Asks: 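My structure is below; once you've seen it, I'll send some questions.
Owing to the predicted nature of the structure, the values given are computational and were not obtained by experimental measurement.
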Amino acid sequence: MTSRPSRIWPLFAVNFFMADMQSGIGPFVGVFLQERGWTTGLIGTALTIGNVAGMLVTTPIGGFIDSSHNKRLWVVIPGIFVVLASAIILISQNFWAVTFSQVAQSLASAAIVPAVTGITLGMAKQKGFNALNGRNQAFNHAGNMVGAALSGYLGYTFGYVAVFVLAAVFGAIAIACVLMIPAKAIDDRQARGSKEDESKNPPDAMSVLLKHKPLLVLALALAIFHLGNAAIVPLYGLAAVAERQANGPSFVATTVVIAQGVMVVTSLVAMQVAGKRNYWPVILVSFMFLPVRGVLAFFVTGWWGVVPMQILDGMGTGLQTVAVPGMVARSLDGTGRINLGQGAVITVQGVGASLSPALGGWIAQWIGYGPTFLLLGGFGLASTALWLAFGAHVKKY
C-alpha cells in the first residue's frame, strides 16, 4: 500500500510544507515585535499565552483523531489556522491581537503532529512506521530549512510582511497536498493502534494517560527539557539583534536553516538506530545537547556562535522528532489510543515549552542574556538524570 508513489509523495509533501504549520511565524515574531518597541517580558508573555492555549487542546485533539474516520481533516484545519495567524499579526500589533494570532498558531501546531502521525501509522502500519516516519521527518526538516531560507531572504528584501505571507502560502499548499492522499489508503484501525478484539472496547482514556509509566516518564522528561530549550533560540536572536550584531530576519533565518539542515541528516540516523535497537538511547543522547548549548550561548553571541550552537540544536531536536512519536506508537500499540497518547505527550511537553519564553524573557530582562542561557541549559541535565533514573520503565522501547 505505502509503496505507491501516488500515496507516499503527497505525504512527504505534507511533511515538507507543514513546517510553517508547526513553527509558523514563531521564530520571527520575537524580533518583529522587538523592532516595534515590545520588551522581552511582554513578548514572552504573548507567546506563552498562545502556547498554553495549544497545550490545553492537544490531548483532546489526539482523542478526536483516534476516533475520526477523516484523518485528513485534521491537517486541513491547522492549515486554515496558520493562514489566520499570519493575517492577524500583519493587521495589528496590539497585544491581544498578537496573542490571538499566537493562539491560532498554537492550535495548528497542536493538531498537525498527531494528525500526520495517525495518517502515517494508518498507511505504514506498526511494522513500517519507523522507516516512513523517519523519512517524513527528513522532509519536514527540509521544509523548515527551505521555508526559513526563503523567509530570511524575503524578510531582508521586502520586510516582515513577506515572511508572514510565505507562512500562509505554505499552509495552503499543505492543505492541497493532504487532500491528494486517498482516504482509503489510511487504515483507521492501524492509525490508532487497535487490536482486532479491542475495536469496540478500547481502554479508558484516563487509564492510558495516568497508568502507563513509560508514557509518564517520557512526557515529564520532555517537559523539563523544553522548559529550558524552547527559549534559547528566540533569546539568542534577541541578544544578537539588541547588540546590533545582526539583521533581524536574516539572523533568525540563518539559525533555523542551520538547525533544520542538520535535522534532515539526524532524523535519518535516528531512524536507523531505532530500527536496529530501540528509542531509549536516542532520546537519552538528545537531552545531552541542551547543557552544551547553554554554555556555548553564554560565551559566544552573534554570528560567531550561530553555526556550532544550531548544529547542536539540530542534532538534539532531530533525534527527538523521530524517537518521541516512535516510542509512543510502539509503547501504546494495541491500546487503540496511540494518537491520544501522542497528544498527551505533546501537551505535557508543551507545559515546559509554553512556560519557557516567559521564564527566559523575564529572567533575561532582570539579569541579562548570558546567565539566562546557563540556567536554561541546566534543564537538559535534569532531563538526562530523570531518563536514567527511570530507565527500567522505558529501555525496552
Asks: Taking Lys71 for the side chain and Val116 for the main chain, is one N or O donor matched with an acceptor at less than 3.5 Å?
Replies: no
Asks: With heavy-atom distances below 4.5 Å as the criterion, would you say the side chains of Thr384 and Leu284 are in contact?
Replies: yes
Asks: Cluster question for you: counting only ILVMFWY and a side-chain heavy-atom cut-off of under 4.5 Å, with indirect links fine, are Val14 and Phe12 together?
Replies: yes
Asks: May I have the step-by-step check of side-chain contact (heavy atoms from CB on, under 4.5 Å) for Leu220 and Phe390, ending in yes or no?
Replies: CA-CA 11 Å; Leu220 181 57; Phe390 291 90; over 6 Å; no
Asks: If Ile, Leu, Val, Met, Phe, Trp and Tyr residues are connected whenever their side-chain heavy atoms lie under 4.5 Å apart, and connections chain through other members, are Phe17 and Val146 in the same group?
Replies: yes
Asks: Using ring pair (Phe, Tyr, Trp, His ring centres under 6.0 Å), reason through Trp9 and Phe139 one step at a time and then give a plain yes or no.
Replies: CA-CA 10 Å; Trp9 284 105; Phe139 275 94; 5.7 Å; yes
Asks: Has the side chain of Ser106 got a donor or acceptor atom that lies under 3.5 Å from a matching backbone atom of Ala53?
Replies: no
Asks: Consider only side-chain heavy atoms of I, L, V, M, F, W and Y, link residues closer than 4.5 Å, and tell whether Ile88 and Ile43 are in one cluster.
Replies: no
Asks: Between Ser67 and Phe64 (side chain of the first, backbone of the second, donor and acceptor by atom type, cut-off under 3.5 Å), is there such a pair?
Replies: yes
Asks: Given side-chain contact (heavy atoms from CB on, under 4.5 Å), test Asn136 with Asn140 step by step and report yes or no.
Replies: CA-CA 6 Å; Asn136 278 351; Asn140 179 252; over 6 Å; no
Asks: Main chain of Leu332, side chain of Arg337: is a donor-acceptor contact present, judged purely on distance under 3.5 Å?
Replies: no
Asks: Answer yes or no: is there a donor N or O on one side and an acceptor on the other, between the side chain of His212 and the main chain of Ser331, under 3.5 Å?
Replies: yes
Asks: Examine distances only and state if a side-chain atom of Gln190 and a backbone atom of Ala124 form a donor-acceptor pair shorter than 3.5 Å.
Replies: no
Asks: Evaluate side-chain contact (heavy atoms from CB on, under 4.5 Å) for Trp74 paired with Ile61, printing each intermediate quantity in order.
Replies: CA-CA 9 Å; Trp74 295 96; Ile61 285 177; 4.1 Å; yes
Asks: Check whether Ser383 reaches the backbone of Ala221 with its side chain - one donor and one acceptor, N or O, closer than 3.5 Å.
Replies: yes
Asks: Indicate if Trp387 and Leu381 have the same hydrophobic cluster label, given that clusters are the connected sets of ILVMFWY residues with side-chain heavy-atom separations under 4.5 angstrom.
Replies: no
Asks: Is there a donor-acceptor pair under 3.5 Å between the side chain of Asn339 and the backbone N or O of Thr117?
Replies: no
Asks: Is any side-chain heavy atom of Ile173 less than 4.5 Å from a side-chain heavy atom of Phe16?
Replies: no
Asks: Given the rule in the side-chain hydrogen bond (donor to acceptor under 3.5 Å, both in side chains) test, do Arg293 and Asn229 qualify, once you have shown the distances and angles that lead to the verdict?
Replies: CA-CA 9 Å; Arg293 289 176 64 221; Asn229 187 70; 2.6 Å; yes
Asks: Any donor-acceptor pair under 3.5 Å linking the side chain of Thr347 with the backbone of Gly343?
Replies: yes
Asks: Using modelled atom types and a 3.5 Å cut-off, is there a donor and acceptor pairing between side-chain atoms of Ser101 and backbone atoms of Val98?
Replies: yes
Asks: For Phe100, I'd like to know if atom CZ has over 12 heavy atoms of other residues, nucleotides or ligands within 6.0 Å.
Replies: no
Asks: Give a yes or no on whether Met263 and Phe287 share a hydrophobic cluster (residues Ile, Leu, Val, Met, Phe, Trp, Tyr; joining criterion: side-chain heavy atoms under 4.5 Å apart).
Replies: no
Asks: Under the side-chain contact (heavy atoms from CB on, under 4.5 Å) rule, what do Val165 and Leu154 come out as? Steps first, then yes or no, please.
Replies: CA-CA 10 Å; Val165 170; Leu154 294 174; over 6 Å; no
